[in-house]
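Below, read A as the first sequence line, B as the second, and so on, with proteins coming before strands; counting in each chain starts at 1.
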Amino acid sequence: MPNSRILEISVGIFVAVGIAALLVLAVNVSNVSGFSAGSQYTITANFDDVSGLKPRSAVSIAGVTVGRVTSIVVDPETYEAVVAMTIDARFNDVPVDSSVGIYTAGLLGEKYVGIEPGGAPDVLEEGSVIRLTQSSIVLEKLISQFLFSQSDKKEE
Amino acid sequence: MFDWFAQLGRSAIDFFARLGSEVLLFLQAIAAFKALVFRPALIIQQLFSIGVRSMLIIIVSGFFVGMVLGLQGYNTLIDFGAEESLGVMVALSLVRELGPVVTALLYAGRAGSALTAEIGLMKATEQLSGLEMMAVNPVERILAPRLLAGIISMPLLAAMFSAVGVFGGYLVGVDMLGVDTGAYWSQMQARVDFEQDIIQGVIKSVVFGVVTTWIAVYEGYTCLPTSEGVSRSTTRTVVYSALAVLGLDFLLTALML
Amino acid sequence: MPSTDNNLVRIRDLHFSRGHSKIFNGIDIDIPKGKITAIMGPSGTGKTTLLKLIGGQLKPQQGTILFHGENIPAMKTKKLYEVRKKMGMLFQSGALLTDMSVFDNIAFPLREHTELPEVMIRDLVLMKLQAVGLRGARDLNPSQLSGGMARRVAFARAIALDPEMIMFDEPFTGQDPISMGVLVQLIRSMNEALELTSVMVSHDIEETMAIADKVYIISQGKIMGYGSPEEMNQSDSPWISQFVHGEADGPVHFHYQARSYSDDIFAGENRD
């Protein structure tokens, strides 16, 4: 049995290393520091189609992540998808007439919500609803749209 | 015919009697945690022999497991052109599953078996009886501090395992195989959630800490006080711990998903 | 039967069995205050079990064990631990805690049960070690002690809290003549100096008879006889006489139960 001083020091090191490892996991691996509770606000947007978007997907402005999707539900009357997302409070002057769209990172990548800032003087705040939305691009729909537009042209 | 029923009844009664006494013992040990607050020296000593002495094997194993994950993950992901997701894969596998599970398995082999052998030998050499006759309750003096130290050590060890593993995966993926550094970290940070992944991993390792340490001290406390009895109990500790950890891992994953 | 006033422990109608084997089948024992009582009997008669019953580590199926008039088997755990502070027990192996030094072993009960300052604990420990002649061995580990020394350390530990009664479990077994002599001397002198009540379980006739004030002889779950060592020596019971004088054959047979020797021999010849 080593003497008590060495024992205490090594236990101290053990606990410190363990807590440091937990901190590394929290900050470096999961990046918890960017979104501490309280310094954020929630907005919602209605989409016709959110295929591929999931809770925890990123919300970004000009490619920079500013928030996360928190929930996706279907409006029982309009059958639209209601997407709630939290935005970091640092980005508190996003114009109210901004538009949102669902985009794909790369060809096969993750879906994310992109905010296209508008020009109105009023800004988005807790509970705001964004009106201008562009739905998720679904490959099948895209192809059929393209075919229809071709046939329309021919008729002219 | 009736013999058969009697046999069944007897084993059922035995089983519940043993279960009951084990639960009682466990509650006694938990109740003794309160008194331990005033005797930190006891816990520090156990943290040393349980935690500090397991640290090296956990860190080295974590590093190798991380490197293997990096290598295998890269070879699989490259086929889909998704090698940028290597960081996510390594981190999620470690934090959610491999960290808590492999740490608990190694812990059972390293610290659990040592605990059983130590307590078993104390029993075989009448030290536990001696404590009782000195009016010192061995459940409070021997079992409780070891259990508490195990519960504290396990999440810390699992966190070390995961953190070192992520670094090992980085070493292989980024330095050796050429995955982009930024992609490794940013994809990881974007997809690993603090509450969903890290906290769940910690919860798992706390549960494993309770279960494996309890199995170890209980096996030691109830072993036959002979050299054969001690060796058998030590083996049982490792086997039961491994089974309990793997079974509970499935259960916890299913519950928390 | 001696009067109850000077008995520290009174055991009445004690029954204890382990599994299917009956170990005690209704025994009565009185342990007088300030005396050395020896409990003797052949190996495997549950002498150690008796000490554990008195210490409350085992519970009898039937019967009472009164310590200071209070029934030990009926005690709640907390009360039992209080009572145990008044008892010391010397285990056959010494039962020293192997992860601490001799000094810490003796200091252990003091540190656990008293709030004494460390200086005072040191003085007390050195006093106890001096009494057993091992003050110089205080920094050794239990693994460095010989069997006899370990028992002396355990003795010092058992008297650390100044108990009223000490129980000795086979104190002389496996000792060389010198350490045996030391232990005999120690038990006798401590008993007198500290006014201890001693209970000793042993099958070493000579040494036990030399220091005991009262002897009980147990066999097959029954008391075969009791009295002073002289009375035992002169007993006309053939069983006691065989035990006390260590004769090979008598009421207790040399041979383990078997069918007749000639049958066994011929059974082998007739086999094929």
Practice item. Please name the pair of heavy atoms, one in Gln45(B) and one in Leu7(A), separated by the smallest distance, quoted to 0.1 Å. Key: CA-CD2, 3.8 Å

Check your understanding: Of all heavy-atom pairs between Gln189(B) and Arg68(A), which one has the smallest distance, and what is that distance?
Key -> O-NH2, 4.4 Å

Taking side chain as everything from C-beta outward and backbone as N, CA, C, O, which of these in [X] sits under 4.5 Å from a heavy atom of chain A? Side chain, backbone, both or neither.
X: Asp197(B); value: side chain
X: Met188(B); value: both
X: Gln196(B); value: side chain

**Study point:** Contacts of residues 148-183 of chain B with chain A (heavy atom under 4.5 Å)
**Key:**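 Checking residues 148-183 of chain B against chain A gives Ser153(B), Leu156(B), Leu157(B), Ala159(B), Met160(B), Ser162(B), Ala163(B), Val166(B).
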
Review point. Heavy atoms under 4.5 Å from chain A: which residues of residues 89-113 of chain B carry them?
Key: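 Near chain A, by residue number: Ala91(B), Val95(B).
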
Review point. For the candidates Ile198(B), Val88(B), Ile59(B), which exhibits the highest count of non-hydrogen atom pairs separated by less than 4.5 Å from chain A?
Key: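 Looking at each option in turn, the highest pair count goes to Ile198(B).
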
Practice item. Count the heavy atoms of every other residue, nucleotide or ligand shown that sit under 6.0 Å from CD of Glu126(A), and state whether that count exceeds 12. Key: yes

Check your understanding: Considering heavy atoms only, which positions within residues 11-19 of chain A lie below 4.5 Å of chain B?
Key ->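 The list, in residue order, reads Val11(A), Phe14(A), Val15(A), Val17(A), Gly18(A), Ile19(A).
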
Check your understanding: Residues in salt bridge (charged side-chain N to carboxylate O under 4.0 Å, His left out) with Arg131(A), at least two apart?
Key -> none

Review point. In Å, rounded to the nearest 0.5 Å, how long is the span from CD1 of Ile44(B) to CD1 of Ile9(A)?
Key: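 So the CD1 of Ile44(B) and the CD1 of Ile9(A) are separated by 11.5 Å.
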
